[in-house]
Amino acid sequence: MKIFKLVFKNTLRHKLRTFLTIIGIAIAVIAFGLLRTVVTAWYAGVDASAANRLITRQAISFIFPLPYYYKERISQVPGIEIVTYANWFQGVYKDKNQFFTRMAVDAETFFDVYPEFKLPKEALDAFKKERRGCIVGRDIAKQYGFKVGDIIPIEGDIYPGNWEFIVKGIYTPRDKTTDGTQMLIHWDYLNEKMEQDWPGRANEVGWYISKIKDPAMAGGISKQIDNLFANSSAETKTEDERSFQQSFMASVSAIITAMNLISFVIIGIIMLVLGNTMIMSARERTREYAVMKTLGFSAKHLTSLIMGESFIISCIGSGIGIALLFPIVSGFEMLIPKGYFPIFRIEPITVVFAVMAAIIIGIIASLFPLHKALRTTIVEGFRHVG
Amino acid sequence: MGSIIRVNNVAKVYRKDNFDIPVLHNLSLEVEEGEFMALMGPSGSGKTTLLNLIAGIDRPTTGEIIIAGIDIATLSESALAKWRADNIGFVFQFYNLIPVLTAFENVELPLLLSPLSKGERKIHVETALKLVGLEDRMYHYPKQLSGGQEQRVAIARAIVTDPLIIVADEPTGDLDRNSAEEVLLLLDRLNREFNKTILMVTHDPYAAGKAKISRHLEKGDLV
Ligand SMILES: Nc1ncnc2c1ncn2[C@@H]1O[C@H](COP(=O)(O)OP(=O)(O)O)[C@@H](O)[C@H]1O
Ligand SMILES: [Mg+2]
């Protein structure tokens, strides 16, 4: 590529303009990456959901509990392997910004239904033996320095009181879509306390989770479960985990859709920014292109010249954008409450998207000026006043 | 010595917004090898058009243009581009140097299309720049040179490929007397010492006087 030098020198011809274009592309890539990261973080819950789990909750609202005795009845529905259950415990650890999920679960069955929470057998046994025990996710263990044997004090809110839990084990998320920030306590222990202090709230379950044999049966089984409790004082709504996750975030889905859309609009904007720069450059160089054609340079050479320049600008801009995206996403993660998004990271696909977009934008932005440069005859080029 | 350039019954009509603008009418012209011919005539008489046709950067509407035995009007676009690179050296009124390239790089530009190595290109470029007396300005950019110097760089660029014919369109049109004189002396030397066939468009009778022969164009006809 003997003319690479000229491509390079052309890029630096209007240093300020090139600089501003590069900054524009970098900012757009950062905005794109950040939006995509937020969108993927939202969808991570949905992606992580298993097709073979059904969630049964109170029909009117998630916040109303279901009676404990439903467990037996649900277990009897054909096609169901195991039933487990959980309550939203939450409470406050240190202060309200330390936001990680705290749930009361059934120690006997929970980890069978959620195999993606990997826990060594000894730890599980130790947890089962200690009523005040708890299991924490690897990520919060790392973040807060929790070790087995530590006591975690929680100030109750949904379940008032000053609680203390002893770390009995640390679970490892199976893969990157698994939430590694949960804290799990004994439902039995919680229930005991309720029997003592708030008898009216004893034997209540937040939601049931049923592991089914065949995901294809999810619809029929859900209906059967709900039929069991039709016309009772606590009717149920059962759906597969994915639908459950989706309805859980239905309220934000419009915003997510908009963010999704905007992230792609941004790519269009980068294209216009670069396209505009390329058109201005090519117009100013109309005479030079005529000179080069006169000297015998071909369409192929002009293509490398114009596309090459567009490409360099686009790649530098995207490169800077991607390089800055990582610290910016980390910074952004620190600004939002801890654990608000269990999984908040730049997906490789986001980077791949940005790189591909850079390449495609580099090509597309140069098409119009290129077409014009090739179509202009030498004679017209020399007569061009510009 | 035979005619190196034969223009036979060439007409050129430009079309612009559905209007036909006839510029050359059945024009014929022969130029001998080693000739230094000045083409004179008032503005708008078609001098540039004729030069462009002979140099193969435009095509006649009718007629043939035979340069060293080749009818260039029949060549394909890419064959014509290669033919230009091999046979024609161009000098323009406004120098048309690439502003981001140094004198050296501007002169080297046409050689990038040749199979010459970097080292060979350097020798050719230095020889050409020496010939025009700018060996001490090789790494200057066009804006660091005077108009006369820029035009001499352009002449070096035109001769670096050792073309058969040099075409110059008003090469002194934008220069002061002294610079013009230098450029004309240079063209004269290229013609005498290196036996280059030169076709120069000018409307300056003084410049035309430096050529061996002049022809006049009036409204698209040679007179
Ligand atoms: N590409 C073109 N399109 C339309 N008209 C042109 C074009 N080139 C030249 N002309 C017209 O042809 C005539 C001759 O132009 P030109 O050959 O440039 O004359 P000269 O060089 O003698 O001044 C002028 O009237 C000019 O306007
Ligand atoms: Mg002219």
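Below, read A as the first sequence line, B as the second, and so on, with proteins coming before strands; counting in each chain starts at 1.
Interatomic distance, A:R383 CZ to B:T48 OG1, rounded to the nearest 0.5 Å: 9.0 Å. A distance of 12.5 Å separates CE of A:M292 from CG of B:N96, quoted to the nearest 0.5 Å. Here the straight-line distance linking atom CG of B:L109 with atom CG of A:L6 works out to 7.0 Å at 0.5 Å rounding. B:F90 contributes atom CZ, which lies 7.5 Å from atom CZ of A:F382 (distance to the nearest 0.5 angstrom). Once rounded to the nearest 0.5 Å, the distance linking CD of A:E288 with CG of B:L101 reads 8.5 Å. Separation of atoms CZ (A:R13) and CD1 (B:I98) is listed at 7.0 Å; rounding is to 0.5 Å.
Environment of CZ in A:F264: crowded, with over 12 heavy atoms of neighbouring residues, nucleotides or ligands closer than 6.0 Å. Summarising the local packing, OH of B:Y139 is surrounded by more than 12 heavy atoms from other residues, nucleotides or ligands at distances under 6.0 Å. Around atom NZ of A:K372, no more than 12 heavy atoms belonging to other residues, nucleotides or ligands sit under 6.0 Å away. Within a 6.0 Å radius of OH in B:Y141, other residues, nucleotides and ligands contribute more than 12 heavy atoms. For NE2 of B:H203, the number of neighbouring non-hydrogen atoms (other residues, nucleotides, ligands) closer than 6.0 Å is 12 at most.
The part of B:R121 that comes within reach of chain A is its side chain, from C-beta onward, which places non-hydrogen atoms under 4.5 angstrom from that chain. With a 4.5 Å cut-off on non-hydrogen atoms, B:Y14 touches chain A through its side chain but not through its backbone. Within the 4.5 angstrom heavy-atom criterion, only side-chain atoms of B:E105, from C-beta onward, approach chain A. Of the atoms belonging to B:N52, it is side-chain heavy atoms, and not backbone ones, that fall under 4.5 Å from chain A.
Contact count against chain B (heavy-atom pairs under 4.5 Å) is highest for A:L295 among A:L295, A:N10, A:L12, A:T377. The most heavy-atom pairs under 4.5 Å with chain A, out of B:P99, B:G89, B:G56, come from B:P99.
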Task: B:R84/A:I378 under side-chain contact (heavy atoms from CB on, under 4.5 Å): CA gap, chis, key distance, verdict - done: CA-CA 12 Å; B:R84 278 197 305 272; A:I378 297 175; 3.6 Å; yes
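Between A:T294 and B:I57, the shortest heavy-atom contact is CG2-CG2, 3.8 Å. Contact between B:A85 and A:G296 at its shortest, heavy atoms only, is CB-CA, 4.2 Å.
Contact annotation: the side chain of B:R157 approaches that of A:V291 to within less than 4.5 Å [non-hydrogen atoms, C-beta and beyond]. Counting only heavy atoms from C-beta outward, the side chains of B:L112 and A:H301 never approach each other to under 4.5 Å.
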